[in-house]
Amino acid sequence: MSPQAKGTLDEYRAPATLAEAAEALADGKGTVLAGGTDLMLQAEAGKTPYRGRLVNIRRVAGLRGVTEDGGTIRIGALTTVTDLLNDPLVAEKAPVLAATADKFASSQIRNAATVGGNICNASPAGDMILPLLALDARVELASWRDGALATRTVALDGFFTGPGATVKGPEELLGAVLFETPPAGRTARFVKSGPRPALEIATVAAAIAMTVDGGTLRDVRLALGAVAPTPLRAKRTEALLEGETLDGDLIARAAETVAGEVNPIDDVRATAWYRKHLVTIYVRRLLQDDGKG
Amino acid sequence: MDPIAKKSVIGGRVPKPDAPDKAVGRTRYINDMVLPQMLYGRILHADRPHARIVAIDTAEAAKLPGVHVVLTGKDMPRMLFGVNRDNRPLKGDKVRCIRDEIAAVAAESEEICDAALALIKVTYEDLPAVFDPAEAMRPGAPAVHDEKPDNLSLAYRFDHGDVAAAEAESDVVLDDVFDVHYVTHCCMGTSCAIADFDTDGKLTIYSQTQYPYNFKMDLAPALGMHPGDIRVIQPPVGGAFGSKLDVYPYEPVCVLLARAARRPVKLTFSREEEFINAPTRQPARIHLRTGAKADGTLTFRDVDCLLNNGAYTSWGPTTPYVMMRTFSSHYRVPVVRFHSQAVYTNNPYAGSFRGYGNVQATYATASHMDMLAERLGMDLLTLSLKNAQESGEVSPQGSVLADCAFAECLTVAAEKSGFLEKQARYAAARNTPGRIKRGIGLASSIHNAGGAKIHKSDGCGTIVKLDDYARCTVITGASEIGQGIDAVLCQVMAEELGIPMSDVTIVNNDSAIGPWDVGVHASRTTFIAGNGARRAAQKARAQILKAASHQANMPPEGLDLREGWVVLDHSGEPVVKLDRLLRQMHFQKDSELVMVTDYYEPPSEEERPGHVGDMSAAYSHAVHVAEVEVDTETGEVRVLKVTSAQDVGRIINEMGLEAQVEGGIVMGLGYALSEHLLIQDGRVRNPNFRDYKVFTAPEVPEMDLHFIESHSQTGPMGAKGIAELPTIVIAPAVANAVYNAIGIRFKAPPLTPEKVARAIWDRDHGAVAAE
Ligand SMILES: Cc1cc2nc3c(=O)[nH]c(=O)nc-3n(C[C@H](O)[C@H](O)[C@H](O)COP(=O)(O)OP(=O)(O)OC[C@H]3O[C@@H](n4cnc5c(N)ncnc54)[C@H](O)[C@@H]3O)c2cc1C
């Protein structure tokens with residue numbers, strides 16, 4: 001790879017506060033470094049050239065950890081995938097995130113990979129995005145405006161605009177991801193392809209959140225990975241399931257609907273045919289309470 | 001002093017002497033080495049499959065600060081090397097595959113090299129390319145080498161008996177095409193060389209080679225040098241598996257850079273470069289016809305094999321030499337016809353890889369045995385036993401199967417795994433509900449286990465010396481590439497000389513010191529170097545006992561060496577301490593040192609014309625039974641258990657043996673299920689570990705290993721070579737197991753989830769199978 005394609009770095013910053021970090025990004029000429037597990041590889045390969053100033057956010061205080069406040073769970077951008085695997089609050093209130101973390105990369109990568117990085121990298125195959133989409137999460141974006149720290153909140157559904165592209169501006173930093181604490185009785189599950197128990201980039205992955213109320217499905221959220229240019233909410237399938245009784249016939253119709261709703265591609269990892277095939281299988285499994293991959 | 005009892009270390013569990021350093025990260029691999037004044041080298045690869053090189057402009061690159069040398073093929077005479085003498089270090093006028101080396105840079109850092117490479121401007125004129133060997137054979141196909149308009153690289157033929165007559169006598173004839181794929185070695189240490197010239201023009205090359213002595217001979221023509229002026233140093237390597245059994249262009253390129261720069265140059269591949277530019281296993285299209293009588297007796301095998309040679313010829317296209325042994329000796333086959341052709345294309349090219357053709361051939365033969373059993377309504381074990389050779393049988397190519405334990409391997413593997421009972425049960429459950437199906441499959445093979453006489457000599461030299469403290473140094477031609485020969489040689493010395501293994505030092509990393517050896521290949525090292533070391537140790541022992549017999553005033557036959565002492569053989573009573581005796585021998589009037597040499601040549605033959613000859617000093621069999629679970633929706637195949645029974649002759653180091661068998665099985669499972677170097681239009685599409693899926697630790701199944709000791713009369717202490725069979729046998733065992741589970745036969749590995757899911761879907765939806 002030619003060095004030009006990697007972009008050049010002529011400045012390095014390691015801010016200690018969110019405000020300093022936002023300031024370092026204010027001119028839109030900073031590249032954020034979190035765990036670096038996507039960034040380093042992509043920059044080396046010339047896919048995402050550095051913007052000139054490397055802003056290492058790992059020393060920013062208060063961006064790591066999971067907290068609950070007033071019925072809202074907040075996950076700091078620097079929370080690692082390993083953190084999710086071990087966090088007691090996650091285990092109690094949103095175990096689907098730990099289940100996803102368990103299928104994520106390998107121990108070494110999980111120790112470095114952050115939730116914020118997974119979201120901002122905006123890969124259609126980003127695993128952690130899917131359960132967060134299913135939990136109706138939103139993200140907090142911080143920036144430096146008129147000499148002060150400003151934040152806005154954006155729903156995760158709608159955040160992604162294409163492979164590697166989001167509505168976040170280059171001057172914005174993702175500070176946290178938030179969602180309402182799932183009420184008792186809400187179920188959420190995650191499935192991911194691949195016979196490998198570790199180090200598998202999803203051929204297809206899927207997450208669901210739903211409330212089964214006396215056999216009737218309510219508030220169904222179905223998120224799919226690696227079947228479209230962005231992580232996808234399968235809204236037609238969600239609508240089909242909403243308010244219906246969960247039975248074999250409904251599951252068959254859901255599988256059929258979802259196949260028409262995805263738009264996968266052929267690539268080195270799989271053909272579009274196989275991705276569609278897997279999506280229908282996974283939707284059936286998610287609805288049948290058979291999370292085994 | 002108390003008497004000292006006789007003890008043997010053979011068959012024990014001996015950790016590899018290099019293991020502690022590797023475990024704590026102390027080992028200085030070649031990739032870690034830095035020489036004073038050293039520069040770094042890198043190569044500009046063509047990145048296009050077929051083109052004329054119109055112009056190369058290196059002016060800008062040469063001007064970059066820190067750049068010492070920029071070389072192109074135009075700067076040097078046409079120095080040809082390789083099996084067919086069809087390769088050059090840097091290509092001058094034409095590109096024949098994406099690997100082609102167009103230019104090279106030596107600079108003060110790898111980063112500067114990369115920057116310089118980016119400044120080299122090459123003008124190409126693309127040519128029509130050909131990637132499929134069948135297409136490349138058609139008249140009018142683009143010629144890869146202008147001198148070879150028919151694109152034919154190498155052909156092999158073996159004909160034994162009359163196929164038509166045998167076919168007329170057959171009740172069943174199976175006729176199938178097996179298509180085996182590209183995989184690559186994935187050594188943990190990427191390809192690397194360091195070249196260093198003396199002021200008098202002599203070269204020292206630090207190399208990962210696994211055949212240091214012939215390496216000099218093969219490297220010399222690429223450099224226009226005399227082999228005698230090349231010294232090969234072999235620092236520890238991160239794996240080789242056959243990938244370092246030839247000279248590849250990066251090696252002469254590194255040397256040429258060092259010569260031009262007058263400085264040492266180190267050239268290392270990045271992982272991506274390694275995937276694209278290192279050799280592969282030879283892919284093959286094998287058209288196999290197998291005949292049998294209704295009672296299961298094999299009547300003939302008729303094979304046409306088409307090989308994609310790629311652009312240049314390394315060892316890959318010579319693997320039919322081994323394939324034909326499989327087709328003619330895997331089971332008793334009275335009539336054999338084998339024809340193979342390797343055809344040039346604009347693809348990357350294959351080298352040698354653990355199994356050397358037998359992996360490919362056994363996938364076909366062992367699949368066919370399973371298919372034949374079903375066609376005949378026989379069980380596979382009975383069919384196999386009926387056709388398994390016994391000791392003393394001679395194959396059509398002249399392999400003499402002495403000390404043969406094939407039948408025992410079959411019986412043990414089948415019994416220990418519950419093969420017959422499970423196979424029937426799983427087949428019966430195939431059409432019952434449930435998405436997870438189980439299956440069990442059995443496969444076997446034969447391989448040379450006493451070297452392979454592919455050169456005039458298949459020997460190995462050994463020097464053994466004992467110093468004044470009874471410390472022993474073994475200088476052997478045999479290389480250690482991680483396979484564990486050092487431990488075996490320590491055991492042999494300990495056994496013959498009665499010294500602790502920790503008192504033995506192995507020296508085998510410098511061609512200026514070591515005596516000649518063919519190299520690490522053909523599962524030969526323990527057999528050949530072990531035999532040689534044993535003979536050398538016995539000479540040393542005889543010298544010591546003769547000296548001791550003067551002291552003890554009794555014949556040497558009455559003495560033995562135990563635990564650092566000379567003792568009376570019958571009672572174990574100590575006579576004199578070994579180190580003391582050695583000093584006495586040394587510091588006396590007629591002083592002598594214990595320093596002996598041996599050159600061991602195995603009792604094998606080179607093939608005569610027609611490919612007949614007993615080319616190995618021993619042969620061995622292995623049988624694997626694989627049990628799998630298939631998810632019939634996603635197509636995922638999980639291997640639950642592998643039962644292996646292998647004729648090892650005799651166990652020397654049980655730990656080393658287990659490691660080789662387990663490692664071989666894991667490597668073979670990757671071949672069977674997940675590994676596939678995807679080459680499309682001549683380009684490697686998955687040059688990374690994300691998309692090239694080696695088997696990972698959590699996927700590794702339970703393994704139940706059984707070692708059958710047939711006590712080879714030619715092997716060291718009865719041992720046979722063991723290292724390739726595990727990789728050879730496992731893939732068809734898995735494919736047979738998947739057949740048992742779902743009733744679909746896969747003739748083209750790997751059995752990836754998508755391939756399996758697609759085949760099931762096609763069958764269930766009445767479509768024509770994808771295969
Ligand atoms: C071997 C391997 C296996 C992997 N396996 C998986 C897997 O199983 N599943 C999966 O989903 N991913 C996987 N990945 C991808 C990667 O690990 C994850 O996407 C990870 O979560 C990225 O987090 P990071 O902290 O390393 O991000 P970084 O690499 O530091 O950043 C990624 C991108 O996001 C930007 N960024 C990061 N944080 C912020 C922020 N707070 N605000 C604004 N921008 C930000 C960066 O500038 C960069 O563009 C794997 C990667 C490797 C190397």
Side-chain angles (χ1 to χ4, degrees), chain A residues 1-6 8-9 37-38 41-42 44-47 102-103 105-109 123 125 191-206 226 255 259 264 266-285 288 290-293, chain B residues 44 64 110-120 270-273 435-436 628-639 669-670 673-674 676-678 680 683-700 751-758 760-762 765 770:
Chain A
M1 183 43 58
S2 76
Q4 290 94 324
K6 290 182 197 172
T8 42
L9 281 177
T37 60
D38 278 319
L41 275 69
Q42 291 170 9
E44 286 301 307
K47 261 172 67 188
D102 189 44
K103 285 267 182 178
S106 60
S107 306
Q108 294 92 327
I109 297 290
S123 161
V191 276
K192 180 176 170 180
S193 64
R196 266 192 193 185
L199 278 178
E200 185 82 282
I201 299 294
T203 303
V204 166
D266 286 332
D267 68 13
V268 206
R269 285 169 227 162
T271 62
W273 176 86
Y274 187 54
R275 289 200 162 94
K276 255 188 198 188
H277 179 72
L278 283 181
V279 164
T280 62
I281 291 165
Y282 288 168
V283 165
R284 268 192 247 122
R285 289 186 188 178
Q288 280 164 353
D290 180 356
K292 271 186 256 138
Chain B
L44 182 72
L64 195 72
E110 290 192 327
E111 288 70 23
I112 298 173
C113 286
D114 284 342
L117 292 184
L119 295 173
I120 297 175
S270 69
R271 179 57 67 184
E272 184 177 350
E273 263 185 306
R435 69 180 168 94
I436 304 290
V628 304
E629 217 170 60
V630 183
D631 183 323
T632 54
E633 292 177 354
T634 63
E636 288 163 24
V637 176
R638 208 174 294 273
V639 183
L669 286 172
L673 293 172
S674 59
H676 192 177
L677 195 71
L678 295 164
Q680 203 175 52
R683 288 170 196 276
V684 177
R685 291 196 62 211
N686 54 343
N688 55 63
F689 281 121
R690 180 188 60 204
D691 297 323
Y692 183 94
K693 294 178 191 295
V694 291
F695 233 59
T696 55
E699 293 161 273
V700 172
L751 282 64
T752 58
E754 169 154 5
K755 200 183 277 181
V756 173
R758 181 82 213 195
I760 294 171
W761 196 89
D762 285 346
H765 294 77

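A note on names: the letters A, B, ... follow the listed sequences, proteins ahead of strands, and every chain is numbered from 1.
- Annotation for T634(B) and I281(A): closest pair N-CD1, 4.0 Å, computed over non-hydrogen atoms.
- Interface residue L678(B): only side-chain heavy atoms are found under 4.5 Å from chain A.
- The contact between T271(A) and chain B is made by backbone and side chain atoms together, counting heavy-atom distances below 4.5 Å.
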* **Trace of the side chain to side chain contact (heavy atoms under 4.5 Å, CB included) decision for R690(B) with R269(A)** => CA-CA 9 Å; R690(B) 180 188 60 204; R269(A) 285 169 227 162; 3.1 Å; yes
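- The existence of a salt bridge linking E633(B) and R285(A) is confirmed by a sub-4.0 Å separation between a basic side-chain nitrogen and an acidic carboxylate oxygen.
- Residues passing the ring pair (Phe, Tyr, Trp, His ring centres under 6.0 Å) test with F695(B), sequence neighbours excluded: none.
- Across every non-hydrogen atom of Y274(A) and P753(B), the tightest pair is OH-CB, 3.2 Å.
- Contacts of D267(A) classified as side-chain hydrogen bond (donor to acceptor under 3.5 Å, both in side chains), with partners at least two apart in sequence or in another chain: R275(A).
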